[in-house]
Amino acid sequence: MRKLPGGVAAIGGGVWLTFSALAHGWNMPLGVTALSRDIHGLHMTIFWICVVIGVVVFGVMFYSLFRYRRSKGAQASLFHENTKVEVIWTTVPLLILIGMALPATATLKQMYDAKDADLDVMVTGQQWRWHYEYLGEDVAFTSNLATPRDQIDGAAAKGENYLLEVDEPLVLPVGRKVRFLLTSDDVVHSWWVPDLAVKQDAIPGFVNENWVRIETPGTYRGQCTELCGRNHGFMPVVVEAMEPDAFDSWLAERQQAAAREASGVDREWAMDELMSRGQQVYESICASCHQVDGSGNPPVFPALANNPALMAERDRHIATVINGVAGKPMPAFSSSLSPVEIAAVITYERNAWGNDTGDSVQPSEIQARLE
Amino acid sequence: MSGSYYVPPQSKWPALGSLAVGVMMVSLGMQLVHGIGGLVMTLGMAAVLTVMWLWFRDVVRESRQGLYDAQMDRSFRWGMGWFIFSEVMFFAAFFGALFYVRVFAVPWLDGEGAKGVAALLWPDFTASWPLMNPPSESISGPREVLSPWQLPLVNTIFLVTSSVTLTIAHEALKEGYRNTARNWLIGTILLGVCFLVVQGIEYYEAYHHYGITLQAGIYGSTFFLLTGFHGAHVTIGAITLSVMLMRVMKGHFDRDDHFGFEAAAWYWHFVDVVWIGLFIFVYVL
Amino acid sequence: MAPKLPPRLPPQHPLEQAGEAAGPAGHAEAGYHHGPKGLLRWLLTTNHKEIGTLYLIFSLSMFFIGGIFALVVRAELFQPGLQLVQPEFFNQMTTMHGLIMVFGAVMPGFVGLANWMIPLQIGAPDMALPRLNNFSFWLLPVAFTLLLSTLLMPGGGPNFGWTFYAPLSTTYSPPSTTFFILSLHMAGISSILGAINIIATILNLRAPGMRMMDMPLFVWTWLITAFLLIAVMPVLAGVITMMLLDINFGTSFFNAAGGGDPVMFQHIFWFFGHPEVYIMILPAFGIVSAIIPTFARKRLFGYASMVYATSSIAILSFLVWAHHMFAVGLPLVAELFFMYTTMLIAVPTGVKVFNWIATLFQGSISFETPMLFALAFVVLFSIGGFSGLMLAIAPADFQYHDTYFVVAHFHYVLVPGAVFAIMAAVYYWLPKWTGHYPNERLGRWHFWTSVVGVNLTFFPMHFSGLAGMPRRIPDYALQFADFNMASSIGALLFGTSQLLFVWMIIKCVRGGEKAPAKAWDGAEDLEWTVPSPAPLHTFETPPRFQHQEH
Ligand code: HEA
Ligand code: HEA
Ligand code: CUA
Ligand SMILES: [Cu+2]
């Protein structure tokens, strides 16, 4: 019977692997909020319960396999029923489970208590980026993957935060209660930062709530965790938690920048100004569907290069970007982009990749359209 | 062959049947996706019906030859019973969707209930059922809804009556009055046909005068989903009953051996019960 | 309450006329097996054994196709970075892998076993509705050819995961989605009709004298599985019909703009989906409950409680669906309700595990290949069950959800769970099917490479998940690299070792040590009273079953 030691060795090896892996940080992070620690505690408790039950159950099993081998002449007994033990092994697990359900219920109730927040942040999932809006503060921006394509394709060495880095992180204050309002412009996404123990789906047309009170300043990284199409794996979340003072001055700075941007609507923009701004917007937002070179991905995502029909219809071009296409993946950008950005990106599209209409679209025109 | 269960010999209908279903499905897909395949689809559907016809003809023959015993009869009963249960669950999914939308989704979008924050996205939306004004303006809701007390009531009367007439036909068959059974069965089928005609009129009205369409938001969606699949079941039931009518006239059934008839009757009653549910939850409430 | 069977002796046949029942096989063959031979014979057959074989072959082919898709996934995940496939194709591979394994490999595998064994175990001449049986089978190749062909259509095949959440699967899906829906409709019809047939057979065709509580547990678990199938496959049909309408006719079921709700899709899907996962495990429980007593040479402990536990699992399975949706934003009461009901399922499942172990206790145990697989099932399925229980703790599931921790959980219950049980069943019943014992040496090699491979593949996934790796991603951050590499190597090992399985089957069909009617000395059920290989027609005259004292 060589198999038995084999089986025991395999299980022993598994147990050893488990503990050493957990000990080396391959475990749920402890996190930086009170709730994340509670959840970690629940996780470890249930884990140990399972380990103990497993050791007992498999222990009896392997003992029986070893002790009652036929090759050693074991004779089978006749019993095949015993109401007493059956009752015991039905009620004992039940009690264990009740014991587990109580703390879980308490933690869950806290997680659901998003009342009385100091700051509301609207988080909107878009294929494939996050849009953040500080409600009532006039600050909003999108947060895109910042890892260069070369690294993904293996043409350049991968950086430390490969795939977990963004152009603009979500900045939050420590010590304050922040409420997230999550929604989506297209498909279901899920916003997750392990260290904050917040994972919440972003459902198009509905709003979910969640909240966090971060205790330690730092940079916390996560990812979108609901399959949302092609670039689902390339939709990171980065949160930068700052001391409240630093946060307040950051917020004030962003508000000023937003005001400057808004005043840009009224002035006349030069072509090259529009083009460079447009290229920036295009590459960070539109290229994920229409590709950097405007070739799209037919049949679902149309090409914008070599699209004479579109070039002939300037009006429809503008309308499509502002309103999106209902029932199709093309989102409406009227709320997530500023008039300047919309004007710039349309100008760019109408003059890049051999589209040489020479048209420029001014922010004021977009502003007028939006009203 | 006493005491032994009849196992049919090899048969080509199952394999041909699945082929026919395959053709029908693929061409339906071609029609929906590429707009071609309508003709093939019709042929596929005809093929499915033909295979069913030929298959059931074999069953009827075997039954007439006395190859089936009481145990076989029970197999058919279990089979039909569980099949109807599966249909119940099919409609349960649709009713579930209706209830979910009415009780949860639509009120949430208007700011009520546990997930009322959703109203943030739809400031101008007011919940109502029937949902006349869907949250987004890009979708225009129905202008008006059908009154349950006109055509739908008529249809309810048709179907309920038809269940009664069918039961009378069945009783007559059990007593051995074949002609009586035939007449009441004809009445039942006619009531079914009347139902379908009225439903046709209702759909015409809905589309042309009420603005109730598949595209008219969730009200139109659930309305046509539930009534449409019910109507399809009435059609199937009426066809089945017509086949039974032919068999009654050919004298296939005797007093205590007429499971084909009973199966069709079960199905018809099931369709009737579904209608009652529809009448209450889709039209009245 | 005297137990009927003396230990170690071959149990006496529960049949009065076993020999007679098996005897007339030869003449029956001449009797009415007069149709075409060759390929056409398989196409037109109404025989439960032939149809069972077809199902099993189909299942094995699908297992390989789905396995190759998994290997594509694992190959891409071998290292960080995009090497072999683009994200579009990766998503199609993940989706098709899940769909093919669930609907093409595991479910038809169990139906194949049911076809072969249920009539033999209850003393029936065939399935209750033999022609319908063949129809159920032949729908499958049609459905899966269509499903696989979507990979070649413009825009590619399904790329939205096997759970196809709306609106990714409706508004944002490739044009081939309509074909995907229609193929799933066909597979669903096949399952429903197959389940109806199984229920009718079990309820109506038992040998005279066999009461419900005399049925072998494989029959019991299949009865309950068939009930689950009939209850939930139509719900799946319903939800994909709504998708079809949303895609092609502009309805708003899963679109908030029209008053619908994308989350409604998930509710209806999981109302089907959770019972579906028990559909994939209950027959496995039945198989293990047949094999363990055989090789422990001891009657199954707690037969009645096994039946009640299975029924409880089935009933509970209708009440737990939203544990897949803890992070979707359910109201608190719903969250609590689904957490409690889910945790409850551990109780009846535990009863089963304890019963198996009590059966082993004080048995007389030998370790033939079927037993090895069954024992590995008990251990590894339980590990999968434990991680399931961890997932059921709603607050913690916020951290686990949609990470590789979940992938680890369900592969433990599905691969060394459902798939190992199917393999155990194949080793166990091959002597009955072919008349030859499977090669024990090959079987052991297959077993040990599989056990090592499966654990190497799926155990590390627990850790990558806990460390934060989401599922369904073609590329990942650097800290997940080591464990992914281990998983990929394990997958290759496990995949390759399945070639041994095929080789073993081929060898066994062609020859090998001859098996007697009662191939395993501890085996008791009716199937062991007919000759090996089982003649094409068995129990044409129903045997008289003598029930044993409980
Ligand atoms: C065969 C299939 C199968 C089986 C049997 C199970 C069994 C269980 N599953 Fe699993 N599950 C899946 C297949 C299966 N699952 C799949 C495919 C998914 C993912 C779908 C997707 O998203 O793609 C999934 C996902 C899944 C989730 C969602 C995770 C997420 O997405 O966030 C959850 C959450 O609760 C869960 C829970 C459970 C539980 C509690 C059991 C229980 O039945 C387990 C019970 C067993 C035991 C507990 C072990 C034995 C018991 C004892 C030894 C007794 C004593 C024990 C204690 C008291 C602790 N499963
Ligand atoms: C019963 C169901 C079942 C089975 C048996 C398996 C078996 C396997 N699965 Fe899984 N899997 C699922 C059901 C199943 N799976 C489901 C439902 C999902 C979720 C899908 C989704 O997210 O939508 C999933 C997802 C899933 C993922 C996650 C993908 C992602 O999130 O992107 C991975 C990753 O490693 C994986 C791997 C494997 C592997 C390596 C096997 C192996 O066990 C396969 C082994 C078999 C073979 C390899 C084939 C046979 C061998 C050969 C053909 C020989 C080949 C020759 C050589 C190797 C030389 N599966
Ligand atoms: Cu967004 Cu995944
Ligand atoms: Cu589940």
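Any value given below was found using the heavy atoms of this structure, including those in side chains, with hydrogens, waters and symmetry copies removed.
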Side chain to side chain contact (heavy atoms under 4.5 Å, CB included) between F206(A) and L109(B), worked out: CA-CA 7 Å; F206(A) 286 82; L109(B) 290 166; 3.7 Å; yes

Chain A against chain B: donor-acceptor pairs under 3.5 Å:
unit_1, atom_1, unit_2, atom_2, d
K115(B), NZ, N208(A), OD1, 2.8
W122(B), NE1, G205(A), O, 2.9

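- Minimum heavy-atom separation, A118(B) to G205(A): CB-O, 4.3 Å.
- The part of L181(A) that comes within reach of chain B is its side chain, from C-beta onward, which places non-hydrogen atoms under 4.5 angstrom from that chain.
- Minimum interatomic distance between V207(A) and L120(B) (heavy atoms only, all atoms of both residues): CG2-CB, 4.3 Å.
- Within 6.0 Å of CE on M122(A) lie more than 12 heavy atoms contributed by other residues, nucleotides or ligands.
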